[in-house]
Amino acid sequence: MTARLVYTISAVLSFFAAEACLHATDDCYSRLDGDTLTIGNSCIERKFVWNGGNLMTYSINDKISGKVHYSSNPAPDFVMSSSDSPVSEGKFSSEDIPMTPVSPECHLVTVTYRTGALEVRREFRIYGGCPAIACDTWLRGSMTGNIASAVENNADRKNIEFSEDMASRPVSAVLDRVSLPGNHWHAKAVEFWDVTDWNNNLVAERDIISYRKNSYRGNILLMQDGIDGSGLFFLKEAPCSSVQLEYGGADFIADFGTFSVTGPGVSTADISPEEWTGVYSCVLGVWSGEELDALSALRKYQKNIRRHVADRDEMIMMNTWGDRSQDTKVNEQFCLAELEKASRLGVTHFQIDDGWQVGKSPNSAVAKGSFKNIWDNPDYWTPDPVKYPHGLTPIVEKARELDIEVGLWFNPSIQNSFEDWEKDADALIRLYRQYGIRIFKIDGLNIPDKTAEKNLRKFFDKVSEATDYQVVFNLDVTAGRRGGYHYFNEYGNIFLENRYTDWGNYYPYQTLRNLWQLSRYVPAERLQIEFLNRWRNAGKYPSGDPFAPERYSFRYLFAIAMAGQPLAWMEASNLPEEAYGLSEDIEAYRSVMEDFHSGIILPIGREPSGRSWTGFQSMTDGTSGYVLVFREDNEDESACVDTWFGEGTEVKFEKICGDGSPFAAVVGDDGAVEFSLAERNTFVLYRYKVL
């Protein structure tokens with residue numbers, strides 16, 4: 001077998017062998033023997049020199065490949081200040097944390113120590129069958145000295161003529177680090193952007209050969225030894241770099257084989273003796289081989305952050321805000337009519353956006369309101385009695401008859417760093433208990449400081465605990481300083497972007513491109529992806545624009561969202577009768593969407609450009625899964641699409657929906673499979689089986 005086939009099979013089979021013990025803490029262990037702390041499972045083992053509790057990595061064992069990385073320069077893995085205070089009161093404990101409706105079982109290792117007047121608590125999370133170990137860190141007490149140092153500009157350094165010239169100013173804050181032997185380490189830093197009302201380029205990759213001390217931005221750092229192909233990754237669980245708190249200009253520092261995570265997201269003023277303050281978390285994982293091995297290792301961890309439960313987390317949602325009526329239409333009669341039409345399409349969730357409540361927001365089209373001092377009006381978050389004279393009961397009951405779940409829009413009280421978080425939480429809990437509503441779009445967030453972040457977590461946690469973790473938060477990342485793609489992931493999914501035909505800024509291939517790029521590093525099934533009414537506002541686009549929405553079929557627009565959680569960003573009442581033909585595709589998609597989303601979903605083909613052959617592959621186990629293929633506006637009726645199959649593999653493709661035909665193929669170089677679609681701007685969803 002070819003090397004690519006071996007790598008592909010080993011990566012995918014190891015993922016699904018691990019899946020069998022995804023919730024098994026008996027696979028995980030920890031022990032403190034003398035001066036050595038060991039944490040591990042069947043995939044990874046990390047050994048530390050105890051060092052009084054201020055741990056120093058000794059070795060990292062990739063049990064799948066057999067590669068053991070020994071530290072070439074042991075030093076404390078966690079450093080907050082350049083001041084050199086002695087370490088004392090080091091303690092170790094461990095426990096198995098049972099599964100919750102949101103979290104799988106995990107083994108939790110807690111290490112605490114004191115350095116000067118600062119207490120440090122580090123909690124290592126490890127999941128069964130997962131080749132990564134996460135670390136959450138809290139601080140309490142007080143400290144002196146700098147925490148986050150600014151990025152050093154190489155132009156301000158001296159030229160190197162003598163060995164002592166190589167010395168560089170140390171980074172004072174280190175969240176985690178590894179020091180690896182060798183001079184041939186390659187790395188890829190991946191940076192992300194949210195604030196999608198303003199950004200339409202959401203992912204950037206920077207490939208490097210590690211050489212002397214240099215800094216890099218991003219949430220993900222993939223590292224690989226150029227000699228033997230062994231690798232590790234760091235995931236910094238933090239907002240996007242551009243919106244992190246107390247940002248010092250970098251997330252990673254690379255210096256030959258030494259790689260560090262920096263930027264804790266706190267200042268000395270954030271740390272108090274009264275309560276624990278969390279810094280940004282780190283995940284260290286191992287992999288070996290090719291890109292698929294690295295991405296699979298990362299995804300195994302990401303799928304453990306939040307359990308994906310089908311009857312809670314799968315949704316084809318309709319939210320009428322996409323047709324820009326804002327709050328002018330929403331009322332009992334409108335919602336009842338929309339529900340009937342949504343049911344005809346096959347929608348599973350109907351979400352009432354801004355306007356259902358008594359209070360008026362700044363986005364109201366009927367009465368300009370405010371988010372300031374919301375709780376001056378204790379009825380702000382109750383259904384508007386004029387619009388909904390019977391409350392939301394008729395809406396909820398009608399929806400249940402149609403097998404649709406109702407969701408609502410909500411904007412937490414942002415003033416004074418969410419100081420009214422408890423009142424906000426109580427409002428959602430009341431809506432859950434009164435109407436059974438458990439899907440809330442969380443909008444309008446702005447997290448300017450650590451106090452706001454703490455209070456926001458308290459808000460999410462209180463609602464989650466009071467509802468037995470049944471509530472799903474659709475976390476809007478369209479504006480403001482928010483959580484991005486790697487923070488608050490345990491609370492729900494991500495509302496990715498606002499795009500409108502009214503403003504001529506909804507281009508289907510650009511939505512597809514954003515999902516395609518993100519899906520390499522972010523679970524696609526956690527992203528809400530919009531599709532709009534193609535028949536509206538044709539005149540808002542330039543005449544002859546080949547990429548205007550009217551150039552695509554309605555079913556194609558829906559297919560763009562299949563790899564994520566589809567969001568019908570429209571009013572059903574504005575759809576023409578022909579639109580309801582989409583129900584056949586939605587029915588076919590609903591029959592497989594849970595299985596489709598259970599796999600590792602990664603992009604295939606070329607980056608969407610409006611002219612490409614592109615798509616997604618979901619690997620649900622070692623021999624089966626799904627491919628979703630798009631022929632954009634190009635002249636080729638057939639094309640070889642690079643996939644994640646191994647060369648020489650024979651694969652059978654069974655059509656689920658779309659425009660193609662069933663077929664079988666032998667995979668070529670670089671995973672190439674020839675797909676055929678007779679018409680431009682068409683798609684096909686296949687279930688595949690490796691023969």
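- A salt bridge does not link Arg344 to Glu587: none of the charged side-chain nitrogens sits closer than 4.0 Å to a carboxylate oxygen.
- The cationic group of Arg520 lies under 6.0 Å from the six-membered ring centre of Trp516 and within 45° of the ring axis, placing it in a cation-pi geometry.
- Checking Arg307, Arg457, Arg306 one by one against Glu490, the salt bridge (Lys or Arg N to Asp or Glu O under 4.0 Å) holds for a single residue, Arg457.
- Between Phe192 and Tyr521, the angle of the ring planes goes over 60°, which puts this pair in the perpendicular group of the 30/60° scheme.
- Between Lys360 and Asp327 no salt bridge is recorded (no basic side-chain N to carboxylate O distance below 4.0 Å).
- Salt-bridge formation is detected for the pair Asp353/Lys441: a Lys NZ or Arg NE/NH1/NH2 atom is positioned less than 4.0 Å from an Asp or Glu carboxylate oxygen.
- Separation of atoms CD1 (Ile439) and CG (Leu408) is listed at 10.0 Å; rounding is to 0.5 Å.
- Put simply, the residue from Asn474, Leu515, Leu518 that forms a side chain to side chain contact (heavy atoms under 4.5 Å, CB included) with Leu496 is Leu518.
- Remark: the Ser241 side chain and the Asp251 side chain contain an N/O donor-acceptor pair separated by less than 3.5 Å.
- In summary, of the residues considered (Val477, Leu475, Thr478), a side chain to side chain contact (heavy atoms under 4.5 Å, CB included) with Phe495 occurs for Thr478 alone.
- For Phe418 and Trp421, the gap between ring centers reaches or exceeds 6.0 Å.
- Under the ring pair (Phe, Tyr, Trp, His ring centres under 6.0 Å) criterion, Tyr506 pairs with no residue, sequence neighbours left out.
- A side-chain donor-acceptor contact under 3.5 Å links Gln510 and Asn200.
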Inset, instruction - Please assess Asp585 against Arg555 for the test salt bridge (Lys or Arg N to Asp or Glu O under 4.0 Å), listing each intermediate value before the final yes or no. - result: CA-CA 7 Å; Asp585 290 289; Arg555 60 204 301 253; 2.9 Å; yes
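- Under the ring pair (Phe, Tyr, Trp, His ring centres under 6.0 Å) criterion, Tyr507 pairs with Tyr541, sequence neighbours left out.
- A cation-pi arrangement is absent between Lys341 and Phe350 under the rule of less than 6.0 angstrom and at most 45 degrees off the ring axis.
- In summary, the side chains of Gln565 and Glu525 do not present any donor paired with an acceptor at a separation below 3.5 Å, with no hydrogens or angles considered.
- Using cut-offs of 30° and 60° for the angle between ring planes, the His597 and His308 rings count as perpendicular.
- Arg438 forms no cation-pi arrangement with Tyr432, by the criterion of a distance under 6.0 Å to the ring centre and an angle within 45° of the ring axis.
- Counted by atom type alone, Asn411 and Asp443 present zero donor-acceptor pairs between their side chains at under 3.5 Å.
- Expressed to the nearest 0.5 Å, how far CZ of Phe554 lies from CG of Leu532 amounts to 9.0 Å.
- Under 3.5 Å, the side chains of Asn446 and Arg482 contain no donor-acceptor pair of N or O atoms.
- Tyr556 and Phe630 have perpendicular rings, their planes meeting at more than 60° on a 0 to 90° scale where under 30° would count as parallel.
- By the 30° and 60° cut-offs, the orientation of the rings of Phe558 relative to Phe531 is perpendicular.
- A salt bridge links Lys454 with Glu275; the closest basic N to acidic carboxylate O contact falls under 4.0 Å.
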Donor-acceptor list for residues 390-404 side chains, cut-off 3.5 Å, not counting sequence neighbours:
from   : atom 1 : to     : atom 2 : distance (Å)
His390 : ND1    : Glu332 : OE1    : 3.0
Lys398 : NZ     : Glu340 : OE2    : 2.6
Arg400 : NH2    : Tyr435 : O      : 3.0

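- In this pair, Phe596 and Tyr626 present their aromatic rings tilted. The plane angle is within the 30 to 60° band.
- Of the charged side-chain nitrogens involved, none lies within less than 4.0 Å of a carboxylate oxygen, so that Glu422 and Lys458 do not count as a salt-bridged pair.
- For the pair Glu191 (side chain) and Gly218 (backbone), a donor-acceptor distance under 3.5 Å is absent.
- To the nearest 0.5 Å, the span separating OG on Ser573 from NZ on Lys329 amounts to 5.0 Å.
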